[in-house]
Amino acid sequence: MLINISLIYLGLSLLCLGMDKHYKAVFQKNINRAFKNISKFTGSLLLIISLIFLIKSIGISLGITYWIGILTPAIIFIALILTYKTKMFIPLSIFLLLLFFILNFYKIIL
């Protein structure tokens with residue numbers, strides 16, 4: 001489940017950074033067209049992969065429900081961070097992704 005949360009968060013973050021407004025707010029420069037396209041494609045792909053993982057692990061009806069259930073707070077969290085603490089977006093994203101992967105690795109070992 002933690003790997004799905006991290007995939008959804010990373011996918012949504014990449015989709016947000018693929019937008020001119022958010023990219024300019026985070027990095028204070030204009031977005032490169034190649035990065036914009038790659039970011040949108042990769043973000044969409046990660047969201048689809050997370051949906052497939054959930055469907056394969058718990059079935060189609062619960063998988064889609066859990067995916068939407070994880071997606072909703074992730075969207076709200078990213079929207080709040082991009083609105084109020086734009087400078088903290090990248091460091092906080094890196095910290096959260098590392099935390100999710102460490103917790104997932106710790107769960108696998110136990």
Side-chain angles (χ1 to χ4, degrees):
M1 186 66 70
L2 289 174
I3 196 74
N4 287 318
I5 293 171
S6 61
L7 285 174
I8 288 173
Y9 183 80
L10 184 60
L12 288 173
S13 297
L14 286 172
L15 282 175
C16 286
L17 289 178
M19 301 170 78
D20 296 330
K21 176 183 175 183
H22 299 304
Y23 186 87
K24 194 169 188 174
V26 172
F27 296 111
Q28 285 85 34
K29 60 182 179 177
N30 290 330
I31 191 169
N32 184 357
R33 187 168 176 87
F35 179 79
K36 183 178 182 177
N37 292 334
I38 290 171
S39 176
K40 286 183 179 180
F41 176 75
T42 307
S44 301
L45 188 65
L46 288 174
L47 289 174
I48 291 169
I49 289 170
S50 69
L51 178 62
I52 290 171
F53 279 167
L54 279 170
I55 288 174
K56 291 280 186 182
S57 64
I58 55 177
I60 191 161
S61 61
L62 282 177
I64 293 172
T65 305
Y66 280 22
W67 186 74
I68 292 171
I70 296 168
L71 195 66
T72 305
I75 290 171
I76 292 170
F77 181 73
I78 289 173
L80 289 172
I81 292 297
L82 284 174
T83 302
Y84 295 109
K85 296 285 185 183
T86 307
K87 305 288 185 226
M88 293 295 297
F89 182 72
I90 297 297
L92 189 61
S93 295
I94 292 170
F95 172 74
L96 288 175
L97 289 174
L98 287 175
L99 179 69
F100 286 141
F101 282 119
I102 289 170
L103 289 174
N104 191 42
F105 182 71
Y106 182 71
K107 181 180 155 187
I108 290 172
I109 290 176
L110 294 177

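Below, each value reflects all heavy atoms present in this structure, side chains not excepted, and no hydrogens, waters or symmetry copies. Predicted model, so just to flag it, every value in this text is computed and none were measured.
If you take CG on Leu71 and CG on Leu47, they are separated by 6.5 Å, rounding to the nearest 0.5 Å. One finds the CG atom of Leu45 at 10.0 Å from the CG atom of Leu7 (value rounded to the nearest 0.5 Å). Within the model, atoms CG of Leu80 and CD1 of Ile75 stand 12.0 Å from one another, a figure rounded to the nearest 0.5 Å. In this structure, OG1 in Thr65 is found 10.0 Å from CD1 in Ile60, a value given to the nearest 0.5 Å.
At a threshold of 4.5 Å between side-chain heavy atoms, the hydrophobic network of Ile, Leu, Val, Met, Phe, Trp and Tyr places Leu10 and Phe27 in one connected group. Using a 4.5 Å cut-off between side-chain heavy atoms of Ile, Leu, Val, Met, Phe, Trp and Tyr, with links allowed through other members, Leu99 and Ile94 fall into the same hydrophobic cluster. Criterion: ILVMFWY side-chain heavy atoms under 4.5 Å apart, direct or through other members. Under it, Phe53 and Leu103 are part of a common hydrophobic cluster. Hydrophobic clustering (ILVMFWY, side-chain heavy atoms < 4.5 Å, transitive): Ile68 and Ile49 are in one cluster.
Between Leu54 and Ile70 the shortest side-chain heavy-atom distance falls below 4.5 Å. A heavy-atom distance below 4.5 Å is not found between the side chains of Phe41 and Leu14. Considering only heavy atoms from C-beta on, Ile31 stays 4.5 Å or farther from Leu17 through its side chain.
In the hydrophobic clustering, where aliphatic and aromatic side chains (Ile, Leu, Val, Met, Phe, Trp, Tyr) are joined below 4.5 Å either directly or transitively, Ile48 groups with Ile52.
Within the 3.5 Å criterion, the main-chain N or O of Ile3 finds a donor-acceptor partner in the side chain of Ser6.
Other residues, nucleotides and ligands place no more than 12 heavy atoms under 6.0 Å from the CZ atom of Phe95. Applying the 6.0 Å contact sphere to CZ of Phe100 captures more than 12 heavy atoms from other residues, nucleotides or ligands.
The side-chain contact (heavy atoms from CB on, under 4.5 Å) test applied to Ile102 returns no partner, not counting sequence neighbours. In terms of the side-chain contact (heavy atoms from CB on, under 4.5 Å) criterion, residue partners of Asn37 (sequence neighbours excluded) are, by chain and number, Arg33. Residues that satisfy the side-chain contact (heavy atoms from CB on, under 4.5 Å) test with Ile78, not counting sequence neighbours, are Tyr9, Leu12, Ser13, Cys16, Leu82, Phe89. In this structure, the ring-ring contact (aromatic ring centres under 6.0 Å, His included) partners of Phe35, at least two apart in sequence or on a different chain, are Tyr23. The side-chain contact (heavy atoms from CB on, under 4.5 Å) search around Ser61 returns none, not counting sequence neighbours.
Screening Ile76, Val26, Leu92 for a side-chain contact (heavy atoms from CB on, under 4.5 Å) with Ile81, the sole residue that qualifies is Leu92.
Among residue pairs with one or both ends in residues 77-87, none qualify as side-chain hydrogen bond (donor to acceptor under 3.5 Å, both in side chains); sequence neighbours excluded. Residue pairs meeting the side-chain hydrogen bond (donor to acceptor under 3.5 Å, both in side chains) criterion with at least one partner in residues 38-60, sequence neighbours excluded, are Ser50-Trp67.
When all heavy atoms are compared, the tightest approach of Ala74 to Ile8 is CB-CG2, 4.2 Å.
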